[in-house]
Amino acid sequence: MLFSSLVFLYVFLPIVLLLYYLINKAGRNYFLFLASLIFFAWGGVSYSSLLIISILFNYIIGRAIDYSTKYSKWWLSLGILLNLSFLGTYKYAGFFSESINSVLGWAQEPLIPIPEIILPIGISFYTFQAISYLVDVYRKETVVQKNIANLGLYISLFPQLIAGPIVRYHDISNQINHRVHSSDKFSEGIMRFILGLAKKVLIANNLAIVADHVFNSPIEEISTIGAWLGIVAYTFQIYYDFAGYSDMAIGLAKMFGFDLLENFNFPYISKSIQEFWRRWHISLSSWFRDYLYFPLGGNRIGIKRTYVNLFIVFFVTGLWHGSSWNFVVWGLMHGFFIIVERIGFKNILNKVPGILSGSYTLFIAMMAWVLFRADNFEFAQGFYKILFGFALTNQQDIELALLINREFIYSLAIAIFGAFGGFIFLKKGIKQLKIPFLGSVIKPIAFSIFVLGVMLLVTTYLANSTYNPFIYFRF
Amino acid sequence: MMKLIVNICFIVFLFGLSINQVFNFINTVDDSENRTLSEKPIFNIKELDKYPVAYDAFLNDHFSGRSYFLDFYKYISDHFFYKRTVSGKYLRGRDFYIFETSKNLPLYTGKRSVTEEQMDRIITEFKKRHDYLNKKGIKLYIEIIPSKFKVYSDKLPLLITKGNNHMGDRFIKRIQEETNIPIIDGLNILLEKKKKAQLYYKYDTHWNSLGSFYVHQELFKKIHEDFENIALLDSSYFHIDTFNYKKGNLRKAALIKEDIDIGYHIRPKNKSFAKAYGYVHPSGDFRYGQKAYCKRFVSSHNKAPKALVFRDFFANLSHSFLPEMFSEAIFIWDNWQYKFNQEIIDIEQPDIVIYSMYESYIDRILEEPSFVKADAVVSDIQ
């Protein structure tokens, strides 16, 4: 079920909110767990069994790690292996088979059969959360969860179940049994949810029209201007799509009393790729830092080993995003620039004006997005050539030109303004103006108009278009 | 206080629409879509995987106040964003002219076309048909119906121009150069006549009856060269009346709902033909049904030739005047396949076969690799 769908907004959410606040506190976790399972099942009833199996075996292994101190490492290894096998089977089996066949020259007549498995929604997210739970219990960073419904709630909590943020167990374990519900928090949740909804439906989806048109065109029909327009649109589309989803998740969680950690912090204002990864998909980079980079030794074993560790982390980061070499190379591209920055380029970036270091970072991120969005290397390679003036056509794309309407231009302008912190500056500026009745009258009216206006517009857009998938649902 | 107001606004909106979904206080049914809206699925424990998808489709189609939201979307698209095109389905041109874009625009700009090899196959196919019909003493004519883009190119936004690779142009040129099949390109006469009258609907892909009439007059002139006994009936033989046309397959895209299009009624002053029933060609699984598949008209002009017309939807409007030219006229609409329909030809044994083809659909011929298979099996024809 998508947050930006009519069935979620006007069937699932009202029912769950109503019942959640009607039943007593003792039953709320059970109810929320059940609601999360229904939410998940809506995307594929058959795959719910995978989620339930995952909850069951992670519960048993978690208890075993806690109970058997002597063999806890073995239990942890088994747990991680099972979780990764799960992920490997359902997400990467086809990819690995294809790659092996291709390397060994069996691409025409594959010797290893390529399994046709449909990727279960959210498997990358809930598998990583489950691993986080097992590691945290092993490290004694948190106590083991003895109530299976509570563990089930952590793994399957619907606001973050299918597209994150990836919640580490130790960040939320206390909130499972002790969380605060208040009108203020609920209101904050609404505002955050509405903001996310607007980012997704009103910004990202409008930018997607142009990005999709360009990236779905045959490479020989894309002009240089069209390619730049496409990659700029996609750069902001993916940010608003994913950040919007995270906002919705954080907002919804707040409505049910949970405080999730932030997932984005204006990544496009970063002045290095290192900084970019401290601002982009924070929950994923934190997860890899805590559960992969540090266990590998981090930067404590020497410079060469640090680079190897970074290479491994970004290889896996790429692979996590999709079972395709495009994603792997995308991850490695980021890893390469992080290593280059560590070698010494960071010192240069620190000395040059912010606009130059910011432009460098944005440029690298955009170039990497080409790999992320392209269906294959051949297309990406052709796309790079076109970006730098080697287009195969000098004809203008009329259909693309028709898509550049006011709706797109406004969306892009707002997207750029917002992505570089424009609204934060605006907010600060308004505060400094000391307008009378700002807090008591103007703000409530403005916020109410914002809530109602966004709900009206979002519903209008959703009613008009039923095709509305989130980009990150494929991971 | 502020947060309380925010909570109330959100809850009122969320629950308001949800409650209306259940009780249908505001019930709107939108019948403007060219499809059947999804029905509420029946919950079946054995088919759980299908239920969510089916329910989503149902809710999207029957969402509380959906048509109001669709109208609102249209309003902001038209009056706030000034969209020339929506979802690549249509394009707003000058003077309120609307153009269908998903099929016709890429063909007009040449972005979509056929390869030389494909064009060779099409031409070869028509040569084969021509040879076959020649042997049977049947005259073949091809009538090309130009797209609205070509006839009303002056109404298009400036950046839209006709591509060099235009499929219709290439087909006409190849037929003219490589065969002696008489081909009537409706474009020139329409460009000339449109100066005095509106020949295509503003809110429809198709021409109106007057556009159809002018092009068919050109066809008659061509036929007259081979059949001197066919009457060359000009406008004076017909009643031509205008009427306000309020429909159109692009009407939903109209900026001004009340804007009126011009249509024409054209009928002979002394009508001698009538529809004939009882002898029809089986339509098979033709989506528009038997009545649309085959239409037969018989006139009192016994000495005039018998015509078999494989028509496009455009030719619909010619039924009120074209049968007057022939002793008998049979119209077959084979869903834009423009097949040879050899079995029908063999049974009907007409004097004239006309392929009345919309230029944007010429490549449909390629969809039927055997080319010569007709819809009906001979033994099925009554």
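Residue numbers start from 1 in every chain, and the chains themselves are labelled A, B, ... in the order their sequence lines are given, proteins ahead of strands.
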Inter-residue atom distance [X].[atom1] - [Y].[atom2], 0.5 Å rounding:
| X | Y | atom1 | atom2 | answer |
| --- | --- | --- | --- | --- |
| B:Ile11 | A:Leu17 | CD1 | CG | 7.5 Å |
| A:Thr459 | B:Tyr73 | OG1 | OH | 14.0 Å |
| B:Ile8 | A:Leu452 | CD1 | CG | 11.0 Å |
| B:Asn60 | A:Leu462 | CG | CG | 8.5 Å |
| B:Leu59 | A:Phe8 | CG | CZ | 13.5 Å |
| A:Leu456 | B:Tyr68 | CG | OH | 14.0 Å |

* State which residues pass side-chain hydrogen bond (donor to acceptor under 3.5 Å, both in side chains) with B:Asp95; sequence neighbours excluded, sorted by chain then number. =>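 Counting only residues at least two positions away or on another chain, B:Asp95 forms a side-chain hydrogen bond (donor to acceptor under 3.5 Å, both in side chains) with B:Lys155.
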Open item on the list: Run the side-chain hydrogen bond (donor to acceptor under 3.5 Å, both in side chains) test against B:Glu117 and tell me which residues pass, sequence neighbours left out.
Closed with: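 Result, side-chain hydrogen bond (donor to acceptor under 3.5 Å, both in side chains) vs B:Glu117: none returned.
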task: Would you tell me whether B:Asp56 and A:Ser5 have side-chain atoms, one donor and one acceptor, within less than 3.5 Å of each other?
output: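 There is no such pair between these side chains.
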Sorted by number, residues from residues 407-414 of chain A in contact with chain B (heavy atoms, under 4.5 Å):
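At a heavy-atom separation under 4.5 Å, chain B is reached by A:Glu407, A:Tyr410.
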Under a 4.5 Å heavy-atom cut-off, does chain B meet the side chain of [X], its backbone, both or neither?
| X | answer |
| --- | --- |
| A:Leu6 | both |
| A:Val7 | both |
| A:Tyr47 | neither |

### Message
Checking B:Arg112 now: which residues fulfil salt bridge (charged side-chain N to carboxylate O under 4.0 Å, His left out) with it, not counting sequence neighbours?
### Response
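With neighbours one apart ignored, the set is B:Asp363.
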- request: Go through B:Phe72 and A:Leu457 one step at a time and tell me if the side-chain contact (heavy atoms from CB on, under 4.5 Å) criterion holds.
  value: CA-CA 9 Å; B:Phe72 182 57; A:Leu457 280 174; 4.1 Å; yes
- Message: Using side-chain heavy atoms (C-beta onward) and a distance below 4.5 Å, is B:Asn7 in contact with A:Ser183?
- Response: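 Sidechains of A:Ser183 and B:Asn7: in contact.
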| field | Partner chain B: residue of A:Val454, A:Ile15, A:Ile190 with the largest heavy-atom pair count (under 4.5 Å) | value |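 Top option by heavy-atom pairs under 4.5 Å: A:Ile190.
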* To do: Select, from A:Phe193, A:Phe450, A:Phe186, the one with the greatest count of heavy-atom pairs under 4.5 Å involving chain B.
  =>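 Winner by heavy-atom pair count: A:Phe186.
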Worksheet item: chain A heavy atoms under 4.5 Å from B:Phe10: which part of the residue, side chain, backbone, both or neither?
Response: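 B:Phe10 touches chain A through backbone and side-chain heavy atoms alike.
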Query raised in the report: Under a 4.5 Å heavy-atom cut-off, does chain A meet the side chain of B:Ile19, its backbone, both or neither?
Result: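 Looking at B:Ile19, nothing touches chain A.
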Practice prompt. Look at the aromatic rings of B:Phe13 and A:Tyr10 and report parallel, tilted or perpendicular, splitting at 30° and 60°.
Written response: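 The arrangement is tilted - the two ring planes meet at 30° to 60°.
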Could you label the plane-to-plane angle of the A:Trp42 and B:Tyr51 rings as parallel, tilted or perpendicular, counting under 30° as parallel and over 60° as perpendicular?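 Rings of A:Trp42 and B:Tyr51: perpendicular, over 60°.
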